[in-house]
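Working notes, structure below.
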Amino acid sequence: MEEKYMQRALELAEIGRGKVSPNPMVGCVIVHDGQIIGEGWHQIYGSWHAEVNAVNSVKDKSKLPESTVYVTLEPCAHFGKTPPCADLLVQHQVKKVVICNDDPFPLVAGKGIEKLKNAGIEVERGLLADKGRALNARFFTYVEQQRPYVILKWAETADGFITSENYAPVKISNELSHKLAHKWRSEEDAIMVGTNTARYDNPKLNVRQWQGARNPVRIVVDRQLRLEQSLHLFDNTQETLILNEISEQSEDKNTYIKVSFGDTFISNVMNELFKRKIQSVYVEGGTALLQSFIDAQGFDEIRVFRSAKQLYKGIAAPTLPKNVDIVEKQNLLGDELSIYKHR
């Protein structure tokens with residue numbers, strides 16, 4: 001019976017995807033006598049947390065001392081942009097709190113649970129914990145491994161090419177796949193491309209096909225700063241990080257970050273992005289950059305669109321590593337989408 005309430009809390013938390021980073025997605029359900037009397041989720045970064053929204057939605061707050069609170073992450077115990085949620089639950093003397101996942105963030109990390117228990121509130125932990133960790137994989141990766149969560153994405157033809165021989169742009173996947181890719185962009189903190197993709201595709205890397213969503217931070221590799229400034233990536237319409245080995249400066253929304261290239265390039269980049277509180281990176285190409293992440297084992301997911309089209313010759317798609325498991329496969333109006341997770 002309890003699982004259905006936590007499942008509902010997880011569904012509510014999901015609504016915040018792409019809107020709450022660097023905070024985790026959190027959902028909360030309040031149950032009294034077998035009936036849901038309050039619901040809430042963390043809606044946008046800097047706003048009220050899920051527990052506050054759930055408590056505020058309860059019409060008859062006199063029921064709270066006899067209610068059970070189901071929350072997907074340990075209630076916070078510190079003052080950030082909002083007061084501690086653990087204090088709010090203690091204030092209302094709720095009967096019991098069921099928690100999906102403990103919060104590994106150092107300012108919480110058990111302190112919220114301790115506050116609840118010290119106030120005489122019963123606490124249960126670990127309900128649907130695997131689902132909770134999957135929901136907040138980006139947050140847990142960032143806090144526990146001190147790096148962003150990395151998703152690699154590309155589209156390839158039936159004969160294994162990612163673009164034409166001379167890098168001239170070729171439309172491989174269909175409109176539905178393109179729209180889905182823009183939705184994915186809106187869900188991540190940053191989107192990254194290599195030098196050739198920037199030069200020959202001249203991408204905007206925004207979410208124009210997914211209305212109402214925020215644009216990710218753009219990241220481009222330009223080792224020797226040879227890319228033309230007339231490219232869309234430098235148009236100052238959204239924050240852009242330029243990875244290079246020459247310059248360290250900021251110009252409006254463009255920030256030049258000096259990093260060491262070579263064998264440690266991927267780990268160096270991950271360290272830089274971690275310092276900038278970027279929790280997730282969506283890498284769109286090209287082959288050289290994608291393969292460098294694969295070779296360095298610097299990824300968490302790989303998403304591949306495979307089209308029925310053939311190019312016969314061109315730039316080969318990256319080589320899938322052996323240590324991945326396919327977790328999803330579906331047909332999108334003729335395009336085959338495969339999603340892999342790092343084993």
Take K96 and E124, measure what salt bridge (charged side-chain N to carboxylate O under 4.0 Å, His left out) needs, and give me the verdict at the end. CA-CA 8 Å; K96 180 179 179 181; E124 180 182 322; 3.2 Å; yes
For the pair D189 and S21, evaluate side chain to side chain donor-acceptor pair (under 3.5 Å) and give the outcome as yes or no after the intermediate values. CA-CA 7 Å; D189 284 356; S21 179; 2.8 Å; yes
Check this for me: does any side-chain nitrogen of one of K179 and E175 sit under 4.0 Å from a carboxylate oxygen of the other? no
Counting C-beta onward and ignoring hydrogens, is there a side-chain heavy-atom pair between V98 and T68 closer than 4.5 Å? yes
Mind checking whether I99 and L89 sit in one hydrophobic cluster, side chains of I, L, V, M, F, W, Y counted as touching below 4.5 Å? yes
Nearest heavy-atom neighbours spanning I315 and T287: CG2-OG1, 3.9 Å
Using modelled atom types and a 3.5 Å cut-off, is there a donor and acceptor pairing between side-chain atoms of D222 and backbone atoms of R226? yes
Taking atom types as modelled and ignoring hydrogens, do the side chains of N268 and T264 form a donor-acceptor contact shorter than 3.5 angstrom? yes
Does D235 have any salt bridge (Lys or Arg N to Asp or Glu O under 4.0 Å) partners at least two apart in sequence or in another chain, and if so, which? R218
Rounded to the nearest 0.5 Å, what separation is found between the NE2 atom of H342 and the CG atom of L152? 9.5 Å
Measure the shortest side-chain to side-chain distance between Q238 and P216 over non-hydrogen atoms and say whether it is less than 4.5 angstrom. yes
If you define the side chain from C-beta out and look only at heavy atoms, does anything of P321 sit under 4.5 Å from Y340? no
Begin with the C-alpha distance, continue with both residues' side-chain angles, and end with the deciding distance and a verdict on salt bridge (charged side-chain N to carboxylate O under 4.0 Å, His left out) for R306 and E156. CA-CA 5 Å; R306 293 186 177 88; E156 64 179 64; 3.6 Å; yes
Tell me, please, which residues at least two apart from K322 pass salt bridge (Lys or Arg N to Asp or Glu O under 4.0 Å). none
Flag side-chain contact, heavy atom, 4.5 Å: L64 against V58: yes
Taking only Lys NZ, Arg NE, NH1 and NH2, and the carboxylate oxygens of Asp or Glu, determine whether E284 and R303 approach each other closer than 4.0 Å. no
Determine whether the side chains of Q297 and N323 contain a donor N or O and an acceptor N or O closer than 3.5 Å. yes
Sequence neighbours left out, what passes side-chain hydrogen bond (donor to acceptor under 3.5 Å, both in side chains) with E11? Give chain and number order. none
Counting C-beta onward and ignoring hydrogens, is there a side-chain heavy-atom pair between V150 and F293 closer than 4.5 Å? yes
Would you kindly confirm whether M25 and V281 end up in one hydrophobic cluster when ILVMFWY residues are joined by side chain heavy atoms under 4.5 Å apart? no
Can you establish whether the number of heavy atoms outside K95 located under 6.0 Å from its atom NZ is more than 12? no
For S280, which residues count as a side-chain hydrogen bond (donor to acceptor under 3.5 Å, both in side chains) partner, sequence neighbours excluded? E188
Interatomic distance, R185 atom CZ to N215 atom CG [nearest 0.5 angstrom]: 9.0 Å
Between Q7 and K131, a side-chain donor and acceptor under 3.5 Å: yes
Please list, chain by chain and in numerical order, all residues satisfying side-chain hydrogen bond (donor to acceptor under 3.5 Å, both in side chains) with S247, sequence neighbours excluded. Q249
When clusters are formed from ILVMFWY side-chain contacts under 4.5 Å, directly or step by step, what else is grouped with I44? none
pair S173-H178: side-chain heavy atoms closer than 4.5 Å: yes
Rounded to the nearest 0.5 Å, what separates atom CG in N271 from atom CD1 in I266? 11.5 Å
Listing request: all salt bridge (Lys or Arg N to Asp or Glu O under 4.0 Å) pairs with a residue in residues 20-36, at least two apart in sequence or in separate chains. none
Take atom CG of N331 as the centre, draw a 6.0 Å sphere, and report whether it contains more than 12 heavy atoms from other residues, nucleotides or ligands. yes
Residues at least two apart in sequence or cross-chain that pass salt bridge (Lys or Arg N to Asp or Glu O under 4.0 Å) with E248, listed by chain then number, are none
Can you list the steps and then say if K341 with D300 is a salt bridge (charged side-chain N to carboxylate O under 4.0 Å, His left out)? CA-CA 6 Å; K341 289 281 185 73; D300 297 281; over 6 Å; no
Side-chain hydrophobic cluster, 4.5 Å single linkage: members besides L333: Y149, I151, L176, L180, W184, I191, V193, L205, V220, L225, L227, L231, L233, F234, I242, I246, Y256, Y282, F305, V327, L332, L337, I339
May I ask you to check whether D335 and S177 show a side-chain donor-acceptor distance below 3.5 Å? yes
Linked, directly or transitively: Y167 and L289 (ILVMFWY side chains, under 4.5 Å): yes
Kindly compute the distance separating CG (D130) from CG (L135), expressed to the nearest 0.5 Å. 12.5 Å
Return yes when atom CG of D263 has more than 12 non-hydrogen atoms of other residues, nucleotides or ligands closer than 6.0 Å, and no otherwise. no
Tell me whether R17 is salt-bridged to E14, with the criterion being a basic N under 4.0 Å from an acidic carboxylate O. yes
Would you check if R276 and E272 make a side-chain contact, meaning some heavy-atom pair closer than 4.5 Å? yes
Compare all side-chain heavy atoms of K153 with those of E301 and state whether any distance is below 4.5 angstrom. no
So does Q330 have more than 12 non-hydrogen atoms from other groups sitting under 6.0 Å from CD? yes
For the side chain to side chain contact (heavy atoms under 4.5 Å, CB included) test, which of L311, T157, L290 pairs with I162? L290
For R343, does the CZ atom sit with more than 12 other heavy atoms under 6.0 Å from it, leaving out its own atoms? yes
Measuring from Q279:CD to N23:CG, what's the distance to the nearest 0.5 Å? 8.0 Å
Nearest 0.5 Å, please: how far is CD in E336 from OG in S307? 11.0 Å
The side chain to side chain contact (heavy atoms under 4.5 Å, CB included) partner of D103 among V143, I113, V108 is V108
Verify the cluster assignment for I219 and W154: are they in a single hydrophobic cluster under the rule of side-chain heavy atoms below 4.5 Å apart? yes
So, does S57 use its side chain to make a donor-acceptor pair with the main chain of E39 at under 3.5 Å? yes
Among pairs that include at least one residue of residues 59-70, which meet salt bridge (Lys or Arg N to Asp or Glu O under 4.0 Å), considering only residues two or more places apart or in two chains? none
List the steps, then state whether salt bridge (charged side-chain N to carboxylate O under 4.0 Å, His left out) holds for E187 with K183. CA-CA 7 Å; E187 295 172 348; K183 176 180 182 292; 2.5 Å; yes
Anything under 30° is parallel, anything over 60° is perpendicular, the rest tilted; go ahead and classify Y5 against Y70. tilted
Any residue meeting side-chain hydrogen bond (donor to acceptor under 3.5 Å, both in side chains) with Q145, in chain and number order, not counting sequence neighbours: R147
With sequence neighbours left out, write down each residue that passes salt bridge (Lys or Arg N to Asp or Glu O under 4.0 Å) with E328, or none if nothing qualifies. none
